[in-house]
Protein chains: 2
Amino acid sequence: MQKEHSLSKNQKIIFDLIDKSGGPMKAYSILFNVQKKGIKAPLQVYRALDKLVEIGKIHKIESRNAFIACQNSSCQVSKATAFSICESCENVSEISNSKLSKYLSNFSDDSGMKYSKYNLEFFGLCKKCKSK
Amino acid sequence: MQKEHSLSKNQKIIFDLIDKSGGPMKAYSILFNVQKKGIKAPLQVYRALDKLVEIGKIHKIESRNAFIACQNSSCQVSKATAFSICESCENVSEISNSKLSKYLSNFSDDSGMKYSKYNLEFFGLCKKCKSK
DNA sequence: AACGTTATGTAATAATATAACATTTATAAG
DNA sequence: CTTATAAATGTTATATTATTACATAACGTT
């Protein structure tokens with residue numbers, strides 16, 4: 001069961017927009033899209049994004065400076081994320097693969113470091129783009 | 001054997017700086033440090049960085065917008081990278097773990113996508129910071 | 001030398017993100 | 001219900017990261 005974080009007004013507006021878009025969105029594109037709803041400044045967007053990332057409703061695609069709604073209903077915090085990114089059409093999808101996530105969550109090396117979080121981005125050509 | 005890309009003047013200046021620093025460096029910090037050598041504009045730095053990334057001499061730490069010299073002499077292109085990042089002191093090191101890289105290079109899911117590249121960033125507290 | 005490619009120089013600007021400060025709203029403890 | 005506290009908002013300015021556009025120079029081949 002996912003913990004309910006009742007979102008604030010701005011958080012809800014911004015989450016709904018990203019979620020409905022179905023793909024990654026950039027901060028200033030979000031800003032442009034929510035100006036009619038009264039959100040006028042970058043900081044208002046970034047604050048909502050920070051919170052949404054913190055509670056796991058969205059994830060940041062670091063290589064693209066973009067944000068995508070979490071596809072995984074069991075995901076409560078953005079602490080173990082994996083994405084596949086098409087380098088041609090820039091389609092992004094979240095990878096839910098329990099073997100992969102187990103492997104990475106349990107990964108340790110000889111550095112003596114205990115990892116509490118990871119982010120993995122795979123790149124390639126998606127089916128559509130490959131066949132072009 | 002690593003292929004020799006003879007670096008150009010700017011590429012060499014910038015690679016040497018990053019390499020000697022021993023850690024990740026940000027573009028504008030690089031710029032500041034090489035101004036005495038005649039590199040005056042951001043674009044000169046970014047162009048050299050792009051090339052160095054392309055040929056695998058450095059990697060970009062996406063979550064930090066920073067660049068680090070490749071620690072792995074066999075690394076020719078930046079197509080399979082993994083890093084450990086301390087969230088307290090921001091120390092970064094490249095992970096060379098053949099099991100991990102094999103696992104990720106061969107990873108495939110049911111999306112029909114063939115991955116040609118990946119980047120993985122692990123986060124946590126390093127030994128030093130953990131014991132504080 | 002002529003050609004194509006790679007690298008450089010320079011100015012301007014675009015895109016991404018945060019600092020600082022004031023105010024309001026939500027939550028929970030008494 | 002009221003007070004205290006934390007969380008969220010509003011607003012302006014600014015910092016940081018990265019690219020566009022255009023001109024010139026150096027390098028490697030044939």
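Below, chains carry the letters A, B, ... as their sequence lines are ordered, and counting in each starts from 1.
- Remark: B/S111 engages B/D109 in a side-chain hydrogen bond (donor to acceptor under 3.5 Å, both in side chains) (not counting sequence neighbours).
- If you walk DNA chain C from 5' to 3' and mark each nucleotide with an atom closer than 4.0 Å to a heavy atom of chain A, the marks span C/dT16 to C/dA20.
- In terms of the side-chain contact (heavy atoms from CB on, under 4.5 Å) criterion, residue partners of A/S8 (sequence neighbours excluded) are, by chain and number, A/Q11.
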Sugar-phosphate atoms are those with a prime plus P, OP1 and OP2; base atoms are the rest. Using that split, label each nucleotide of nucleotides 7-21 of chain D B, S or - for protein heavy atoms under 4.0 Å, 5' to 3'.
-> -SBBBB----BBBBB

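- When hydrophobic residues (I, L, V, M, F, W, Y) are linked wherever their side-chain heavy atoms come within less than 4.5 Å, A/L43 remains an isolated member.
- Rounded to 10°, the helix from C/dA1-D/dT30 to C/dG30-D/dC1 has 50° between the axis fitted to its first five pairs and the one fitted to its last five.
- When B/I68, B/L49, B/I14 are each tested for a side-chain contact (heavy atoms from CB on, under 4.5 Å) with B/I58, only one passes: B/L49.
- Applying the salt bridge (Lys or Arg N to Asp or Glu O under 4.0 Å) test to every pair with at least one member in residues 16-34 of chain A, sequence neighbours left out, gives these pairs: A/K12-A/D16.
- Annotation: side-chain contact (heavy atoms from CB on, under 4.5 Å) contacts of B/S63 (sequence neighbours excluded): A/E62, B/I61, B/I85, B/E121, B/F123.
- Pairs engaging residues 15-38 of chain B under the ring-ring contact (aromatic ring centres under 6.0 Å, His included) rule: none recorded [sequence neighbours left out].
- Partners of B/K117 according to the side-chain hydrogen bond (donor to acceptor under 3.5 Å, both in side chains) rule, which considers only residues two or more places apart in sequence or in another chain, are A/E87.
- A/F107 pairs by the ring-ring contact (aromatic ring centres under 6.0 Å, His included) definition with B/F122, not counting sequence neighbours.
- With sequence neighbours excluded, the residues that form a ring-ring contact (aromatic ring centres under 6.0 Å, His included) with B/F83 are B/H59.
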